[in-house]
Amino acid sequence: MPEIVTAAMLVIGDEILSGRTKDKNIGHLADIMTAVGIDLKEVRIVPDEEDEIAAAVNAVRARYTYVFTTGGIGPTHDDITADSISKAFGVPCEYDAKAYAMLEDSYAKRGIEFTEARKRMARMPRGAAHIDNPVSLAPGFRIGNVHVMAGVPSIFQAMLDNVVPTLKTGTKMLSATVPCPHGEGLIGGPLGDIQKRHPDTIIGSYPKFGEGKFWTELVVRARSQESLDAARSEVETMVASFATTG
């Protein structure tokens with residue numbers, strides 16, 4: 001049987017929910033997870049509220065192999081992700097000695113005051129492990145199956161590059177695309193029947209519009225080539241049948 005590894009993502013921040021900031025991290029994580037054979041099953045966007053973040057973390061960490069969070073680990077008062085994750089795990093949020101020393105040294109070398117706000121970036125749940133940040137130094141962290149990373153896309157991507165080699169990966173999903181010149185209203189019934197006959201595949205139907213007409217892109221996904229080929233063959237036969245009867 002193919003091994004299935006799953007993940008969820010929590011995007012943290014009022015600025016995302018208000019529309020002031022447009023998220024760029026969901027698509028990147030989805031691309032990377034698909035590439036390495038991890039199924040991203042759920043994405044939640046949660047506000048800068050400690051109880052909401054903690055509840056969301058506890059909900060998804062129990063359901064999925066991995067959880068990834070973005071946002072809320074900066075120096076300002078509303079960067080409360082570290083406190084919230086600590087609450088979710090029932091451990092203190094405290095200054096991490098390694099992170100504190102690293103940041104203190106970095107600011108000293110640049111002649112910049114190591115303010116109380118900047119010290120906040122060295123706080124994490126007791127027992128957490130660092131996720132290195134090669135862009136701006138302040139680390140993310142991992143506790144249990146939860147990986148906590150920055151919201152700034154360039155920093156998130158750099159942190160994720162350091163996380164991916166540590167993850168267990170599953171059997172990669174294969175896919176095949178079948179173009180269909182007909183709309184979903186015509187093919188919906190037969191396509192559903194094909195899906196029922198091939199429960200080990202996922203068949204997606206995506207309506208398109210171009211050059212003044214509607215058409216449909218059909219995508220078949222499976223973890224084995226045999227299953228993929230069998231379902232794709234039936235889908236192609238279905239599409240062709242409408243050409244001969246129409």
Side-chain angles (χ1 to χ4, degrees), residues 4-48 53 56-57 60-61 63-76 78-85 88 96 98-100 102-103 105-107 110 112 117-118 120-125 128-173 175 221:
I4 300 175
V5 181
T6 59
M9 181 181 191
L10 298 181
V11 181
I12 299 168
D14 292 340
E15 69 277 12
I16 300 293
L17 289 167
S18 70
R20 289 192 301 273
T21 299
K22 312 302 181 187
D23 178 83
K24 297 181 179 179
N25 295 324
I26 296 173
H28 181 76
L29 180 66
D31 285 343
I32 296 299
M33 293 296 98
T34 298
V36 300
I38 297 175
D39 291 356
L40 182 61
K41 304 291 285 185
E42 183 175 349
V43 176
R44 298 190 187 190
I45 303 175
V46 294
D48 292 316
I53 298 169
V57 167
V60 296
R61 72 185 178 100
R63 293 185 62 190
Y64 304 111
T65 313
Y66 298 116
V67 176
F68 303 94
T69 80
T70 66
I73 59 172
T76 59
D78 59 346
D79 287 313
I80 59 170
T81 299
D83 300 271
S84 305
I85 302 293
D96 177 85
K98 178 182 174 183
Y100 191 100
M102 185 169 58
L103 289 169
D105 181 64
S106 175
Y107 283 114
R110 290 179 286 163
I112 300 174
R118 290 173 177 138
R120 285 178 56 82
M121 294 186 290
R123 297 169 70 249
M124 58 185 66
H130 285 209
I131 297 175
D132 289 338
N133 172 5
V135 178
S136 60
L137 193 64
F141 59 85
R142 176 186 59 78
I143 179 168
N145 63 339
V146 180
H147 298 77
V148 178
M149 292 174 281
V152 178
S154 60
I155 302 176
F156 169 74
Q157 292 174 22
M159 285 183 172
L160 186 61
D161 286 345
N162 287 325
V163 168
V164 168
T166 72
L167 303 176
K168 176 179 68 173
T169 57
T171 305
K172 293 182 181 180
M173 190 74 77
S175 69
R221 296 192 296 154

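Only a predicted model underlies this, so the values are computations on that prediction, with no experimental measurement involved. Counting begins at 1 with the first residue of the sequence.
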*Asks:* Between the side chain of T34 and the main-chain N/O of A30, is any donor-acceptor distance below 3.5 Å?
*Replies:*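 Yes, because the side chain of T34 sits within donor-acceptor range (under 3.5 Å) of the backbone of A30.
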*Asks:* Report yes if some heavy atom in the side chain of V36 is under 4.5 Å from a heavy atom in the side chain of L167; otherwise report no.
*Replies:*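 They are not in side-chain contact.
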*Asks:* Taking G144's backbone N and O only, do any of them form a donor-acceptor pair with R61's side chain (distance below 3.5 Å, no angle check)?
*Replies:*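 No.
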*Asks:* Are any non-hydrogen side-chain atoms of M33 and Y66 less than 4.5 angstrom apart?
*Replies:*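 No. Closest side-chain heavy atoms not under 4.5 Å.
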*Asks:* Do M124 and P139 come close enough that some side-chain heavy atom pair is under 4.5 Å?
*Replies:*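 Heavy-atom side-chain distance check passes, below 4.5 Å.
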*Asks:* For a side-chain contact (heavy atoms from CB on, under 4.5 Å) with I12, tell me which candidate from I80, I73, D48 qualifies.
*Replies:*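 Between I12 and the candidates, side-chain contact (heavy atoms from CB on, under 4.5 Å) is satisfied uniquely by D48.
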*Asks:* Checking K172 now: which residues fulfil side chain to side chain contact (heavy atoms under 4.5 Å, CB included) with it, not counting sequence neighbours?
*Replies:*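 In terms of side chain to side chain contact (heavy atoms under 4.5 Å, CB included), with neighbours along the sequence ignored, K172 is linked to no residue.
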*Asks:* Would you say the side-chain atoms of T6 pair up with the backbone N or O of T65, donor to acceptor, closer than 3.5 Å?
*Replies:*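 Yes, T6 side chain to T65 backbone: donor-acceptor pair under 3.5 Å.
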*Asks:* Would you say the side-chain atoms of T166 pair up with the backbone N or O of V163, donor to acceptor, closer than 3.5 Å?
*Replies:*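 Between the backbone of V163 and the side chain of T166 there is a qualifying donor-acceptor contact (under 3.5 Å).
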*Asks:* Just by modelled atom types, is the T76 backbone N or O under 3.5 Å from a matching donor or acceptor in the D79 side chain?
*Replies:*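 At least one qualifying donor-acceptor pair exists.
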*Asks:* Whether D14 and R20 form a salt bridge (side-chain N of Lys/Arg under 4.0 Å from carboxylate O of Asp/Glu) is what I want to check.
*Replies:*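 Salt bridge between R20 and D14, a charged N being under 4.0 Å from a carboxylate O: no.
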*Asks:* So if I apply the side-chain contact (heavy atoms from CB on, under 4.5 Å) rule between V46 and each of I53, V57, T69, which one comes out positive?
*Replies:*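 Single side-chain contact (heavy atoms from CB on, under 4.5 Å) partner of V46 among I53, V57, T69: I53.
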*Asks:* Tell me, do V5 and T169 make a side-chain contact under 4.5 Å, heavy atoms counted?
*Replies:*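 Side-chain contact under 4.5 Å: no.
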*Asks:* Is a donor on one side and an acceptor on the other found under 3.5 Å between the side chain of N25 and the backbone of G151?
*Replies:*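 Yes, the answer is positive, given that a donor and an acceptor are paired below the 3.5 Å cut-off.
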